[in-house]
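Okay, structure first, notes after.
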2 protein chains.
Amino acid sequence: MQVTIRDVAKASGVSPSTVSRALAPGGAVSPVTRERVRAAADRLGYQPNQAARGLITGRTGHLGVIVPDLLNPFFADICKGVQARARGLGLTVFVSDTERDEGLELDAIRTLAPQVDGIVLCSPHLSGEELGSLGDFTDKPIVLLHRKEPGFGCVTADLVEGMTDALTHLHALGHRRIAYVGGPRSSWAARERAAGVEAVAASGLVEIVQVGSVAPHFDGGVTGAADVVLASGASAVLAFDDIVAFGLISRFTVRGVRVPEEMSVVGCDDIALSGMAAPPLTTVSVPKAHGARAAVDLLCRILATPAAEGEQPPQRVLLTHLVVRGSTAALDRRQRA
Amino acid sequence: MQVTIRDVAKASGVSPSTVSRALAPGGAVSPVTRERVRAAADRLGYQPNQAARGLITGRTGHLGVIVPDLLNPFFADICKGVQARARGLGLTVFVSDTERDEGLELDAIRTLAPQVDGIVLCSPHLSGEELGSLGDFTDKPIVLLHRKEPGFGCVTADLVEGMTDALTHLHALGHRRIAYVGGPRSSWAARERAAGVEAVAASGLVEIVQVGSVAPHFDGGVTGAADVVLASGASAVLAFDDIVAFGLISRFTVRGVRVPEEMSVVGCDDIALSGMAAPPLTTVSVPKAHGARAAVDLLCRILATPAAEGEQPPQRVLLTHLVVRGSTAALDRRQRA
DNA sequence: GTGAAAGCGCTAACAA
DNA sequence: TTGTTAGCGCTTTCAC
């Protein structure tokens with residue numbers, strides 16, 4: 001079977017507790033003993049049993065990440081980021097894909113909570129109340145990633161600024177009538193982005209044509225939205241996210257409308273695909289890996305210093321930036337066409 | 001704190017052991033008691049502590065999946081599949097993204113092994129010897145997914161047949177000179193697929209132009225390969241996987257070569273993107289979710305019936321099928337162009 | 001059918 | 001600095 005702490009103890013001629021101390025970071029052991037124990041542990045290939053340790057310390061050494069869809073590269077990137085940071089901290093991570101199903105999401109939280117030290121939750125769709133009621137199920141810390149909700153530690157990106165940058169860019173290119181294809185109404189991120197767009201519209205910088213809301217799947221019903229955009233007389237379109245943007249471009253191509261010559265397209269997220277597509281997508285870059293790392297760090301900070309009663313956990317807002325690529329062009333190029 | 005088995009015991013007026021039995025599937029308890037215990041457990045919101053249970057039973061209730069890159073939708077799909085099946089079995093899954101780094105992969109196996117009941121390993125790059133030496137680190141069962149290696153339980157797809165179907169399809173369309181852009185030489189899947197292509201070439205059905213090997217990233221150096229294909233006089237190209245195929249198409253577009261009119265392209269894997277791209281990709285569909293489920297099931301079977309000494313664990317080969325979409329066309333259309 | 005007791009592998013008091 | 005003891009929450013003998 002497995003090598004236990006007692007095997008190491010016997011092999012190095014000390015007691016199990018000494019082994020425990022020798023292997024722990026701040027254990028009070030003589031350097032000689034520590035070395036001897038280390039050597040024995042290495043030789044035997046000793047791996048502490050996390051479960052047994054956790055029973056005592058109350059720490060599992062595990063983190064949970066919950067995302068709506070791993071196939072969306074945005075979330076795949078987030079999982080990679082969480083994982084990479086966790087690995088650096090000696091933590092292993094459970095990944096739960098909830099298939100955009102709120103029931104599964106609640107289940108996942110309930111199942112994961114007892115088995116982890118904390119959870120990084122990407123939950124665009126759960127309502128604020130549902131989120132708030134999570135405290136009834138568990139007292140494990142939950143950090144919201146790319147969503148802001150009172151009472152939770154949060155890491156978000158400043159999408160209002162991001163949308164503003166995107167529209168300002170289009171304005172600078174001469175576009176005055178711009179369509180916005182929104183994301184699902186139930187999504188927090190979609191509402192946030194829409195708010196950013198509306199703020200710009202209210203400022204009168206450009207005219208915004210709102211074009212419904214669309215699910216961010218590759219197989220989502222973007223076709224109709226693309227046709228509406230085409231009919232609207234807009235010379236440019238801003239999409240809820242890159243996936244929607246690709247869907248639009250695909251439909252534009254079918255309809256014989258060239259991007260960017262006849263239609264400028266801006267996405268949001270900057271998923272890995274965006275730089276490689278033809279044309280490469282101009283998009284609002286959201287810090288995915290960085291956000292993931294920040295969420296893990298925030299989780300660890302909360303773990304290290306339990307919040308005082310009623311104290312609001314920290315909320316961190318990251319910066320976005322516009323990446324100008326090949327899917328946007330000056331309006332006059334279109335007129336020449 | 002947490003609700004323990006003793007809280008439930010007290011609440012239902014029985015001993016902890018009775019609670020344990022009442023909640024276990026095959027526990028010998030009177031129906032009345034079981035009901036009473038169940039009710040109390042529900043009322044208190046009792047969740048058995050997996051760690052404590054595992055300490056005794058030797059089962060963690062956890063599974064590990066190790067993949068080279070979560071951003072590759074092929075592997076994202078696999079993780080989703082493993083997850084979905086595991087959820088149905090009451091298991092939670094650790095996901096480890098090894099960033100295509102063999103060192104990280106070995107680390108991941110070593111780290112994960114003690115914390116899980118078994119591992120689903122997608123490891124294209126580890127050598128057969130390295131794989132074989134895994135037994136020194138752990139006796140936890142490891143099932144190889146999309147790779148075959150003696151001594152391991154394996155779930156693979158029949159890519160030799162898949163490649164044959166693809167080339168036969170192109171042949172039927174009138175193509176006689178076909179380029180093959182291979183994957184990384186260190187990859188088992190790449191070698192397997194190449195073998196399939198070579199088998200067809202040897203049969204004399206079509207002429208195959210081998211065009212080096214290319215990394216399956218979206219940002220990989222496909223450009224050069226595309227140019228070689230163009231220069232080779234081939235009228236069609238078969239790519240190692242869909243991602244490479246997209247890279248090729250992207251370059252063809254830049255070079256002004258129309259797909260499928262002037263160049264037919266076939267991918268492999270059938271990632272989610274493939275059906276949505278413009279043009280939608282003709283590709284060899286590999287059963288991703290199905291393979292993932294089969295791997296989990298195989299793992300569970302091995303767990304349930306430990307293999308006899310020296311006995312070869314089961315190996316399962318799944319079928320592929322060609323999905324004909326819009327990236328392939330008959331050769332004469334090209335001549336008309 | 002049920003309870004008492006032992007112990008999984010480990011860490012944290014407490015002594016020495 | 002080190003060893004001894006107790007016990008984390010649970011399951012599993014073993015009695016009854």
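Here is how names work: the chains are called A, B, and so on, in the same order as the sequence lines, proteins then strands, and each is numbered from 1.
Annotation for A:R110: atom CZ counts as buried by contact number, over 12 foreign heavy atoms lying within 6.0 Å. Counting heavy-atom neighbours within 6.0 Å of A:R316 CZ, excluding the residue itself, gives a total of 12 or less.
Nucleotide D:dT2 holds its P atom 20 Å from the NZ atom of A:K10, rounded to whole Å. Distance B:D7 CG to D:dG9 P: 9 Å, rounded to the nearest Å. Rounded to whole Å, the distance from CZ on B:R21 to P on D:dG9 is 20 Å. Whole-Å rounding puts the B:Q50 CD to D:dC10 P distance at 10 Å. A:I5 has its CD1 atom 16 Å from the C1' atom of C:dG7, to the nearest Å. Atom-to-atom, CZ of A:R53 to C1' of D:dC10 comes out at 20 Å; the value is rounded to the nearest Å. At whole-Å resolution of the value, CG in B:N49 and C1' in D:dC8 are 9 Å apart. The separation between A:L55 atom CG and C:dG9 atom P is 12 Å, rounded to whole Å.
Taking the nucleotide of DNA chain C with the nearest heavy atom to each of B:G13 and A:S20, the more 5' of the two is matched to B:G13. Along DNA chain C, the nucleotide closest to B:R34 and the one closest to B:I56 are compared, and the more 5′ of them pairs with B:R34.
Across all strands shown, B:T4 has heavy atoms under 4.0 Å from sugar-phosphate atoms exclusively, and none from any base. B:S30 comes within 4.0 angstrom of the backbone, heavy atoms only, and of no base.
Using bins of under 30°, 30° to 60° and over 60° for the plane-to-plane angle, the ring pair A:F94/B:F94 lands in the parallel bin.
Side-chain nitrogen and oxygen atoms of A:T33 include at least one within less than 4.0 Å of the OP1 or OP2 phosphate oxygen of D:dT2. One finds a side-chain N or O of B:T18 lying less than 4.0 angstrom from the OP1 or OP2 phosphate oxygen of C:dG3.
The heavy-atom pair separating A:R147 from A:P124 by the smallest distance is NH1-O, 3.4 Å.
For the atom pair CH2 (B:W188) and CG (B:L144), the distance works out to 9.0 Å, reported to the nearest 0.5 Å.
Below the 3.5 angstrom threshold, one finds no donor paired with an acceptor across the side chain of A:T57 and the base of C:dA12.
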